[in-house]
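Since the structure comes first, as structure tokens, the remarks are kept for the end.
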Amino acid sequence: MKRGRVLAVLVGGVFCVAVISLYRMLELIQWAEPWRRSDAPAGQDLSRLQQKIDRLELLLRSNNRLVATLQDSMLQHNLLHTRRGVANSSSDSAPLGVRTIPGCLAAETTNDGAGGVQMLNVYDLLTFDNPDGGAWKQGFDISYHGNEWVEQPLELILVPHSHNDPGWLKTFDGYYLDQTRHILNNMVVKLNEDNRRKMIWAEISYFSKWWNDIDKQKRAMVKRLVEAGQLELVTGGWVMADEANSHYFALLDQLMEGHQWLQTHLGIKPNSGWAVDPFGHSPTMTYLLKGAGLSNMVIQRVHYAVKKHFAQQQTLEFLWRQSWDDSSHSDITCHMMPFYSYDVPHTCGPNPAVCCQFDFHRLPGGRVFCPWRIPPQPITEHNIKERALLLLDQYRQKSRLFRTPVLLVTLGDDFRYVESSEWDAQFNNYQKLFDYFQQHPELHIKARFGTLSDYFAALHRRLSASGTTLPTVQGDFFTYADRDDHYWSGYFTSRPFYKRLDRTLESTLRATEILFSLTLAEMRRFHGDGRLVADFPAHEHFQHLTAARRSLGLFQHHDAVTGTARDPVVVDYGTKLFHAILNLRQVLQSSAHWLILLDKNQYHHDQSKPFLQMDEVISAHDALPQKTPLMLSEEPRSLIVFNPTEQHRTSVISVVVDSLDARVVDGETGRPMACQISAVWSELSRVSAKAFQLSFIAELPPLALTIYHVTKAPSGSTPRARYTVHRHGKLVNVQSKHFQVSHLQGLEVNTSLVLSNKHLQLWSSTETGLLQKLRLQSGVVRQVQIQFVWYGTRTRRNQDKSGAYLFLPGEEGGQLYSFSEPPLVRVSRGPVFSDITSCFQHFTHTVRLFHLDGHAGKSLEISNMVDIRSESNRELVMRLISNVASGNRFYSDLNGFQMQQRRSLKKLPLQANFYPMTSASFLQDASSRLSLLSAQSQAVASLRPGELEVVLDRRLQQDDNRGLGQGVTDNKLTASLYNLLLEDRGGVAKEVGGASVEHLSMLAHLASLSLCHPPISMVAPSNSEVQKLRPFLPLGSSLPCDVHLLNLRTLEDAQETGSPAQEVALLLHRKGFDCSSATEPLPLCTWSVHEEVNLDDLFSPLRFRSVRRSGLTLLRDHDEPESDHRLTRLRPMDIAAFRVELD
Ligand SMILES: [Zn+2]
């Protein structure tokens, strides 16, 4: 009964919001009445008025829809509670109701049927004992009879390649000048000499740079080579991306950038993926490749024990299936290279000492040699028989690991084929061997140079001819080990400062893409004839966007976001990220300026004096953002806040002001906003007398630019935060005449500090200020302790130590962070938020609670500021210790796209139990789920039941022998940001055994969205009353809760290179979400049971002139016919891409 009432009030509330937004729209129209502008011709005014009325009608319709769906939601909600009631009242009735909540996905076991491989089960099965396998050290002896190829000859395809890192030991430009351009120049010459020669190329960042340098004639030759199938562009991404730290937005964006380039300049679309160097592999990448139209892929860096197992089972070639997909929809054919490396010694067969003799770049007298001490010999008439048979033996052994007699062997290494002599050495010697094979049919081998597409075409031919099927594999290939206990879990955190900067650029890019696309559409509509505003630098802005896409793309390279490049290269990447952010801000500023101007004729672009300024300044690539103090007076300052999310949100916006009292009102309605003034701490216990933090609660419609007016207020009129500052229970003297600083009171002295809001209560240690437990509104209390822990590295001589790639902790394991002097603890309490800050020597840690009624008040914000520059060979970890009975299981995300179950295994060393976390991780039992959502990538582990730990920073003095040649000692003051969410599962959670697939809850999705896409604040000059501003509200209502607007990305004009087209890539991601957590209050968005969504409805009152569904990288070949009805199928977990024109 009570619940019903709450719901009714809620629905009523939402209805009010709808009505208010309608009212605001009406008001806007009045404000925009054309008679205010005397110079506009009457006809134009009328047509604009007509447009406004049209949009109003649309808005009305969408509001009706909102109310209708809300009724739907209420029904669903009641249903859930009824089910829950049943489950509670009767112990033997199973809680079957979870599936009935529309849109949500119940936890599911994914143990596959016949022939399916589940990676979690493989991990349970393997012993990880690493026995010596003989010639193939990590494998086993391979035998054959010799008659296996009599009926069907061995079909060898040798694929020449050169692995070009876009930055590692040298910068991108450094490698390009010294090596890459020579490789590509020679490629044109050498492939032209003999049409049997082939080559593959992956990195479009390099290829496009080289293309700009070559003349027409050479370009024509390249096109001919591509058409003839001699040169294949594989994957077609801007880089060969890291798959652990990269967020799926950036993974897709760099793939799109590469594919779009290939379409424009070569008119091709890639067919095969090639990822031989990323340190572990994620199914998110395969999802994107499949969605971009690729059918096949090759991977290489997989745990040696997994490779051996796959080789024994003949499952090195498989159909990689998404864990959550119960169809074959997402399957892609994957070839896993069996041996240690992608170099020549580890690709011809199991014995590197033999294979090295067939790397003709290592002929005696050259710069590289064979470490197995048997050098290659040039192929001559005299030795050809012996050489051919020796090589054939390796091919035959390798072939026994696969289900068909087609064999893929690669021929290349890092930055190979620089000199023309190397081309001759490899191609001429191999051609002699191939010719010999051809002259000797009794050897039953057909050998040729080929590309990946040649290989996969042959493979699929053989598979279908013989009726052989490939097994399906579900799961991922983390955490990678290349030998012994050398697990590559260090790079999940290395250079965390730049991992964080990467995500700052990512969210800035997405926000700018969306706002820029909306601006161009508005401009075209404004003129009515499709023209843009003359003074608006659309071309220049598009150049900035393109450069930013490419800088973000470059940073997804597997030595960039991973933190595994040399120091000067890291600075080069950092500088590129930094400049990209600065340039995007210019685009944001002028786009927002135009959109919010009431009288568009006042628009004037002056880059040296932009109308809007960011409220935050980043001064260098290695500096954290700083707020610029806002000078207040009685004259209102306009603060413009952009909400880059597709959801209406309630956010706390903070600015630094020069006044102790300030008033914030909604620029449209004049409604005052709830405010709080907090201290700005210039030192640990010193309050700034000049600067103060003003925070207010903002209501931000989806994708809207909202205007607030900030003025100086009468003294004492703005609520101020109250403080206690203590160390070891004793009051610390704080010099502040403006803020009330009091003693600890009552129980606080000896027991705990307590903060609470409407939804939860938290207890923290008085001594350290660190969190101890949480209580939810439901009354559920959970222990959630925060600790900090150090890891060191191995200390004995000759022992391998941690470095940029590897995590090799000392035997003592994690050591609790200890301190001789307890931290200074600052507690602040205010009407908008309250927080507890603990200032330790190496980090400042803050837990903040927002006093918000909506769902945004349900999670805790945790932030750390870490500085470990005084340490050596240490890693700092933040650990959560809860009494959630999670056993050895936890969940971490893959690239922010999906959740993956993890099992902490005792048979593995500590470092093997660390996994990448891009944006989320959770622990759960039947009654609670504890989710940690993060705004940056880092390593995560759950070493004991109920525990979750993340590695914050690492400082390591030595190289870890993977080629980098240095440690990681360029640490900086580094920020990290999280949301912690404890949810009541109300006992309805179905306990699922085995390899279950789980999703984030709806609340966790919304919290993560807000965390990763913070509002962007801009400030107008104080004399801005000369330019009347109005808010910009492109959407009538929020998108459904589970539909994420991944991007709205303006495409390049096909006719005019470097200019924006009218066409925009619309990317939507329908999220899968968990059903077991009760979501109260309901978010102000809706969701639907149906797999079909109507684009016109979703984006109303925006209108699309044309909509074509396309592949994920928007290649024209993938365009589906234009649809009139805007219904489109969007299944949970799917990303869909559309080529649209905004009206
Ligand atoms: Zn590489």
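Fair warning: this is a prediction, and the values are worked out from it, not measured in the lab. Atoms within a ligand are numbered from 1 in the order they appear, just like the ligands themselves.
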Next on the checklist: Within less than 2.8 Å, report the number of protein N/O/S atoms around the Zn ion (ligand 1).
Outcome noted: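 Total protein N/O/S atoms under 2.8 Å from the Zn ion (ligand 1): 4.
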
Item to check | With sequence neighbours excluded, residues passing side chain to side chain donor-acceptor pair (under 3.5 Å) with N351 | outcome: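 Here no residue qualifies.
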
Checklist entry - Can you pull the salt bridge (Lys or Arg N to Asp or Glu O under 4.0 Å) pairs that have at least one residue in residues 338-351, sequence neighbours excluded? => result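 Sorted result for residues 338-351: empty, none.
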
Item to check | Sub-4.5 Å side-chain heavy-atom contact between Y487 and N913 | outcome: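 Result no, sub-4.5 Å side-chain heavy-atom pair not found.
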
Checklist entry - About how many Å separate CG of D178 and CG of D173, when rounded to the nearest 0.5 Å? => result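 Answer for the CG-CG pair, D173 versus D178, is 10.5 Å.
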
Checklist entry - Can you name the side-chain contact (heavy atoms from CB on, under 4.5 Å) partners of A939, sequence neighbours left out? => result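 Listed in chain order: F492, T493, F914, V951.
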
Next on the checklist: Any carboxylate oxygen within less than 4.0 angstrom of a Lys/Arg side-chain nitrogen, looking at D567 and R495?
Outcome noted: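 So D567 pairs with R495 through a salt bridge.
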
